[in-house]
Amino acid sequence: MVRAPNVVRPGLTSRARTAVRTGVALGLTLLVACAPPRRAEPLTRATVDTTDPVLATGETVFNRWCHECHPGGEGGLGTSLNDKPWPGWMIRFQVRNGIGAMPRFDSQQISPEELDALVRYVLALRWLEPAETRP
Amino acid sequence: MGDSGPTRRPTPMASPVQPTPLRAAPPRAALALVTLALLVGAVVGGCYGLRQTMGGGQTTFTPPRQVDAADVAVPPGYRVEVVATGLTFPTGIAFDDRGRAYVTEAGYSYGEEWDVPRVVRLEPDGGRTVIVEGDNPPWNGVAYHGGALYIAEGGVLEGGRILRVGLDGQVRELVRDLPSLGDHHTNGPAIGTDGWIYFGQGSVTNSGVVGEDSHAFGWLERFPQVHDIPCQDVTLAGRNYTTPDPLADDTGARAVTGAFVPFGSSTEPGQVVPGQVPCSGAILRVPPEGGATELVAWGLRNPFGLAFAPDGRLYVTDNSYDERGSRPVWGTGDLLYAIEPGAWHGWPDYHGERPLTDADHFAAPGREPPGFVLAEHPNQPPAAIARLGVHSASTGFDFSPGPDFGHEGQAFVTQFGDMAPGVGKVLGPVGFKVVRVDVETGAVHDFAVNRAELNGPASWVGGAGLERPVAARFSPDGTALYVVDFGVMTVDLERPWPVRDTGVVWRISRTGAGGGP
């Protein structure tokens, strides 16, 4: 993360930070958007490391509640997730509030701990190396 | 192609960040606002209702179908081969004691395409021998047991049957008059450890109510009195649905129809519809020599694939609701069940263990929830083992029998692929591949997919790989997974367009190089 130089007045620092963050978000968007959304096991030749118990929980929660509309994080009934730059807290926000056509999921369905694991899993899935589409 | 997300959504990027309120805000809140603006912008800019449907069948196809195993990707340590091509609407595969493969060609496909249903043996020299032909299609699957083939005859014209066919072609009818005249037919079969023949009987309708969609399928015109039959008595909530009447001469005519009754019949609260067996939307069984049909489980929609797990439990893939007809249901993934004997599994009022009263989940944006058509429910429906893609049409499957193939005890499920827009809208093709399901955790992993930037059938993504995988079976020696690929079926607003002579059988096995799962 780029730091604003000390000489800048606090107000500007905040603005600069915002600008940097927006830039980073934009950059990420372009970066991720250029990559295809597929993380199919046969194509990525790698999987999310579910020997990590948190990621294993995340995988189970994802398959229980999300896979049907975002199969493997790809598009389906819902949008694709793997090619979006959304930070973890925003995935969390979307799960709890279901903005747009998506249903919301309350803590009866997905507990706070499960949500933490789910978010980690969704991010880990996204950051798998994108699909290799040629043999 | 597909859902290109941010590249299609200029709004969030353009939204200017207001410096004034942010100056006082702590950095985290600033970040929050920026990303919230992005999210809101994304949702508004990409309003779901305005998005185009991108189903895998929404393409054009010019025969002949090209087939190349190199275009199908499988995990490291596995390889793909082509076993047979040029089949017409193949739906099932079974092996005899000598390891020879038998394939059903359905003889009928959605889209009202007719042909002769038959079973062909794939000879080791590449030739084909016709074992038996029928006249009441579709033939939806085949199993081999004790020297004979057992065929699930869909029976859109005369009702479903289970047939026992000797390898000499001698046919014996085990069950007849199954309620297959509607949307879904007789499926399976699978042979239990008790030697009984288990089969799936699909529901007549999408969600209990005969409607305009039934007319579009083609059968309402043929059989205007046909409707769903419950396996046990059910008490109706008395909900009725008013639609145009496609059977009337007068184009302005309307019809009022309830659940579990013929088109144009309305129902009253508290009305009881008597149960009977055979019924629709159920798993049934019959002794191998024929005889009375018994109920195994009910409250299913279209239980297409049946297989017994190594532990002896019966598993079933159930194709979930579509967003069509008088009582559309949105957002319900196909379910893999471990069947609970005797239990009602929730159709037409639940999706797995969840009631369809939840508008946030089961209604398309801005629509009413489907609600309940039954006043009482026989039991709380069981949860599924796994939830597969909405509209993936998860069909046949088999369990890996052992270490020769790997992933022992896991289910390999074929996904025929979506039939959007007829079944509802999707933002990208769903299915068109083989997935591996860990039945312990419910985790779904892609196993055989097309090599392309996006998922979809070869006719949509390019290349010469998979189209519509519909059935899977391990070879008797447990070393290879055979995948039956129905062939090309494009879909438009009018109907599905299945293409003859495009069916394929693929074989997936380990590359000797050891290691792996």
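All chains are named by letter (A, B, ...) in the order of the sequence lines, taking the proteins before the strands, and each is independently numbered beginning at 1.
Side-chain contact between A:Glu59 and B:His445 is present, with at least one heavy-atom pair separated by less than 4.5 Å. With contacts defined as side-chain heavy-atom distances shorter than 4.5 Å, the pair A:Leu77/B:Trp330 qualifies. Side-chain contact between B:Val449 and A:Arg38 is present, with heavy atoms from C-beta onward closer than 4.5 Å. For the pair B:Glu453/A:Leu43, no side-chain contact is recorded, criterion being any heavy-atom separation below 4.5 Å from C-beta on. Put simply, the side chain of B:His391 does not reach to within 4.5 Å of the side chain of A:Glu68, judged on heavy atoms. Using a 4.5 Å cut-off on side-chain heavy atoms (C-beta onward), B:Val430 and A:Glu74 make no contact. Between A:Arg45 and B:Pro75 the shortest side-chain heavy-atom distance does not fall below 4.5 Å.
Residue-environment remark: CD (B:Glu353) exceeds the threshold of 12 foreign heavy atoms within 6.0 Å.
Ranked by heavy-atom pairs under 4.5 Å with chain A, the first of B:Asn455, B:Val72, B:Thr441 is B:Asn455. Note on B:Thr332, B:Val426, B:Asp438: by heavy-atom pairs under 4.5 Å with chain A, the leading option is B:Val426. When A:Gly76, A:Pro71, A:Cys69, A:Gly72 are compared by the number of non-hydrogen pairs under 4.5 Å with chain B, A:Gly76 comes out ahead. Put simply, of B:Asn450, B:Asp358, B:Val435, the one with the most heavy-atom pairs under 4.5 Å next to chain A is B:Asn450.
There is no contact between B:Arg367 and chain A, counting heavy-atom distances below 4.5 Å. Contacts between B:Phe362 and chain A at a heavy-atom distance below 4.5 Å are absent for every atom of the residue. Neither the backbone nor the side chain of B:Ser392 comes within contact range of chain A; no heavy atom of the residue lies under 4.5 Å from a heavy atom of that chain. For a residue to count as touching a neighbouring chain, one of its non-hydrogen atoms must lie under 4.5 Å from one of that chain's; by this rule A:Glu41 touches chain B with backbone and side chain alike.
B:Ala448 approaches A:Pro42 most closely through the heavy-atom pair N-CG, 4.4 Å.
Interatomic distance, OG1 of A:Thr47 versus CG of B:Asp446, reported as 12.0 Å (0.5 Å rounding). Between the NE2 atom in B:His361 and the CD atom in A:Gln109 there is a gap of 9.0 Å [rounded to 0.5 Å].
Between the side chain of B:Asp360 and the main chain of A:Arg104, a donor-acceptor pair closer than 3.5 Å is present.
At a heavy-atom separation below 4.5 angstrom, chain A is approached by no residue within residues 413-421 of chain B.
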